[in-house]
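It should be emphasised that the depicted structure is a prediction, and the values quoted were computed from it without experimental measurement. Heavy-atom basis, side chains included; hydrogens, waters and symmetry copies ignored. Chain letters run A, B, ... following the sequence lines, proteins first and then strands; every chain starts at 1.
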Amino acid sequence: MTGVTLPDMSSFDESDAFESASLSARAMAARPMPYLNELNPAQREAVERLDGPVLMLAGAGTGKTKALTARIVHLLNTGRAKPNEILAVTFTNKAAREMKNRVGGMLGHAVEGVPWLGTFHAICVKLLRRHAELVNLKSNFTILDMDDQNRLLKQLIVANGIDEKRWPARLLSSLIDGWKNKALTPQKLPAGDAGAFNHRGGELYDQYQQRLRELNAVDFGDLLLHMVTIFQEHPDVLAQYQRWFRYILVDEYQDTNVAQYLWLRLLAGGHKNICCVGDDDQSIYGWRGAEVGNILRFEKDFPGAHVVRLEQNYRSTPHILAAASNVIRGNADRLGKTLWTETEEGEKVRLIGHWDGEEEARWIGEEIEAMQSGTRGLRAMSLNEMAILVRASHQMRAFEDRFLTIGLPYRVIGGPRFYERLEIRDAMAYFRLVVSPEDDLAFERIVNTPKRGLGNVAQQKIQTCARSNGVSLVEGARILLEEKGLGGKGAKELALLLENLARWRGNLIGPQTTLPDDDAVLDDGPDLASPVFDELGGRPTPNAGVAAVGHIELAEIILDESGYTTMWQNDKTPEGPGRLDNLKELVKALENFDNLQGFLEHVSLIMDNESDDAEAKVTIMTLHGAKGLEFPAVFLPGWEDGLFPSQRSMDESGLKGLEEERRLAYVGITRAEEICTISFAGNRQVYGQWQSQMPSRFIDELPEDHVDILTPPGLYGGGFGAASRPTATALDERVANANTYNSPGWKRMQARAGERGMSQPRESKSSVIDASAVSSFTVGDRVFHQKFGYGAILKIEGDKLEVAFEKAGTKNVVASYVTGSDDIPF
DNA sequence: TCCCCATTTGTTTTT
DNA sequence: CAAATGGGGA
């Protein structure tokens with residue numbers, strides 16, 4: 001069925017399949033190794049100690065990526081491993097991409113690349129496709145995103161007669177994610193956990209896993225969970241991979257969760273050639289199940305582990321480094337590192353307070369423009385060299401608004417993602433359904449989009465029919481039509497849809513839902529490493545010539561014939577045109593793939609949207625998103641208690657949460673190379689309400705000697721008091737108490753906030769009548785309503801009024817929507 | 001069945 | 001203040 005035959009895994013071990021690679025590896029052994037000379041002693045040690053367990057403790061900016069990359073190159077150059085015998089795990093796809101490029105660059109010649117370099121998830125997909133049957137899945141399983149996951153859970157909750165209001169699907173979904181992060185299958189779930197979610201958690205989890213199996217689908221957590229299960233229950237399979245992956249490298253080890261940890265430990269169990277790189281101070285994914293403990297106990301897990309510390313920082317100025325170090329020392333339980341640098345003094349960290357968030361955005365905008373033109377007295381910087389790092393994505397809007405009005409080019413990373421947009425998800429659902437007709441979730445999503453007269457009732461019928469026949473919804477719909485269980489417009493439209501789906505499917509190229517018998521889809525031929533396909537899944541399709549239409553045309557046809565494009569063309573909301581543009585972009589993105597299947601897989605895993613356009617732009621992103629990146633100039637706005645550190649984090653995880661927030665602060669500061677500007681605002685709009693804000697307790701932890709307090713005219717607030725600076729010991733004490741509310745800076749700010757009357761409720765349209773006014777209504781009052789006009793109150797029930805309108809008749813309205821007619825202006 | 005608008009809800013962070 | 005949801009009217 002497939003044209004290309006590649007060696008499968010079993011032949012791999014002993015085989016000649018990669019003879020050519022092996023030859024070139026040997027040939028490489030003789031090559032000079034100039035990259036070694038560019039490393040400092042610690043880095044060099046981490047690179048050259050190839051065998052046995054190695055833990056590289058690499059502080060921020062100490063060149064860990066360089067070391068990691070050099071290590072891969074060294075493994076290849078010394079002939080120690082062939083490219084495909086190296087397993088390298090990164091945290092993000094972006095990091096994987098970068099490392100691939102750097103390996104190529106360092107080798108100085110074209111290589112086929114390191115095929116097993118990717119995120120845990122990407123690698124697990126490849127593995128799981130091979131062994132899907134061991135966990136009762138088919139190799140062409142679909143990967144659900146969170147939206148699908150939630151909808152599925154919602155269905156289950158409702159089916160179990162649980163009130164979805166009180167027990168929302170989102171909660172269950174996060175519980176299940178948590179369990180999966182800990183590698184807990186429903187069977188292994190401790191009784192305490194199973195009792196969560198109104199005593200039904202374990203049960204629902206079990207049902208959910210079962211349902212996923214029926215749908216031949218997995219969610220994100222399953223990718224790892226299933227592989228761990230497979231490794232645990234099939235020693236032969238595990239042994240095969242232990243032999244295959246002779247060297248293992250792991251980046252961002254501090255962010256691995258239990259499942260990932262188990263996965264690694266199993267794989268490295270044989271040879272123990274594992275090198276983990278991480279920085280406990282940069283562990284910021286605890287909320288996602290990451291266990292800092294993994295890095296802390298590495299030496300116990302791998303006795304005789306060699307620990308290398310990278311402490312020379314090449315990124316930031318001493319001031320920036322000092323600020324970061326002083327903040328992070330407030331955390332207990334650190335492995336402890338002493339970062340040092342030889343770079344020049346540079347600017348102190350700058351701290352500034354503002355009246356409100358708007359002013360903060362305005363000031364930063366001006367500052368960016370000044371820095372861009374060099375009027376700051378510093379070198380002129382490109383916008384590409386500047387970034388604004390926020391705690392939560394909703395903070396981005398203020399900057400977008402401001403930059404839009406002043407025409408400052410910016411790029412948002414990690415905002416609302418392309419593939420999460422409604423129209424893209426709809427389009428993708430069509431594609432999914434064409435690729436796998438059994439994808440019930442996709443079917444549900446698009447049966448009635450665009451409107452086909454198939455509402456709740458009709459859909460219910462399809463569901464019932466499918467269920468009673470034990471088939472997919474598409475098939476169920478077909479049977480339903482056959483049995484004439486549906487009439488009218490809906491029936492006709494449904495028939496047309498099914499017909500279309502079948503026809504589109506006929507035009508599909510590439511491997512379809514039938515299983516590839518020789519694993520050609522999964523294996524890694526050289527092309528997997530080509531730039532176009534470097535993520536995964538986008539493998540050139542064998543026998544591509546068979547089909548009449550290319551997949552790009554097919555996609556266009558699908559969107560066209562389904563009426564989906566038309567639907568948006570007829571849409572009169574302002575978003576319409578933008579949505580059509582997005583659809584065009586989606587089709588364009590297909591160009592990088594050879595078939596729809598590959599594309600769908602890509603999308604399900606690659607959630608970072610790269611937009612590397614030529615124009616220089618300021619980057620706006622979250623602190624989490626900034627990990628691993630660096631910028632000459634960094635702005636850190638919103639350092640206010642409750643926002644950063646986030647109230648929720650502290651409420652939910654207490655001191656642990658606060659410490660994670662502090663690490664986030666550390667990550668933020670250490671992103672800066674030359675200039676780091678921290679700011680806070682005294683007032684901020686939260687949920688549309690004005691709230692007065694306290695400066696972040698982290699501000700009190702900044703070392704005064706390394707901080708410049710900027711005081712532009714009209715500035716409100718201003719950080720710590722100059723005279724009453726806490727000494728280092730006082731600081732230690734405060735930190736130990738984990739309570740900075742007593743610091744001088746704190747009190748000072750509080751006093752200022754009060755005296756300036758910082759919280760000033762603002763009038764808003766919807767509060768023309770507030771709660772007190774509501775009670776002032778009396779039956780018989782004449783009132784005015786925006787839509788219905790004038791009327792008289794017939795009845796009052798709490799805040800609900802029954803009003804007889806003169807033109808619109810009698811309506812029930814909420815009191816806040818009407819005005820007493822006396823209050824009406826003009 | 002669909003559309004509109006009133007009402008509720010939510011904001012960390014993401015592979 | 002949004003976006004998402006849900007109820008009522010056409």
Plane angle bin for F644(A) and W639(A) - parallel if under 30°, tilted between 30 and 60°, otherwise perpendicular: perpendicular

Rounded distance (Å) that lies between atom P of dT1(B) and atom NZ of K451(A): 12 Å

Nearest-nucleotide 5' precedence on DNA chain B, W287(A) against G453(A): G453(A)

Donor + acceptor pair across side chains of D426(A), T449(A) (<3.5 Å): no

Any side-chain donor near an acceptor of the partner, Y666(A) and R662(A), under 3.5 Å: no

Sugar-phosphate, base or nothing in reach of E652(A), heavy atoms under 4.0 Å: base

Salt-bridge present (D148(A), R432(A); N to O < 4.0 Å): yes

Ring center gap for Y285(A) and F91(A) short of 6.0 angstrom: yes

Phosphate OP1/OP2 of dT13(B) contacted by S646(A) side-chain N/O (<4.0 Å): no

Side chain R391(A) and base dT13(B) donor-acceptor under 3.5 Å: yes

Selected nucleotide, minimal atom distance to M146(A) side chain, candidates dA2(C), dT13(B), dT15(B): dT15(B)

Phosphate OP1/OP2 of dG6(C): any K165(A) side-chain N/O under 4.0 Å: yes

Nearest-Å distance for atom pair CG/P, residues N257(A) and dT13(B): 20 Å

Sugar-phosphate, base or nothing in reach of T119(A), heavy atoms under 4.0 Å: sugar-phosphate

side-chain N/O N448(A) vs dC2(B) OP1/OP2, d < 4.0 Å: yes

Nucleotide dT1(B), atom P - distance to NZ of K489(A) in whole Å: 10 Å

Protein-nucleotide distance (E493(A), atom CD; dC2(B), atom C1'), rounded to Å: 14 Å

Sugar-phosphate only, base, or nothing, as touched by R170(A) at under 4.0 Å among non-hydrogen atoms: sugar-phosphate

Touch class at under 4.0 angstrom, heavy-atom based, for Y285(A) against every strand present: sugar-phosphate

Spacing of F91(A) atom CZ relative to dT13(B) atom C1', expressed in whole Å: 10 Å

Protein-nucleotide distance (K154(A), atom NZ; dT5(C), atom C1'), rounded to Å: 8 Å

Atom-pair distance (CG on N150(A); P on dG10(B)), nearest Å: 13 Å

Residue-phosphate contact under 4.0 Å: T622(A) side-chain N/O, dT14(B) OP1/OP2: yes

Nearest-Å distance for atom pair NE2/P, residues H394(A) and dT9(B): 19 Å

Earlier contact from the 5' end, DNA chain B, for H624(A) and V457(A): V457(A)

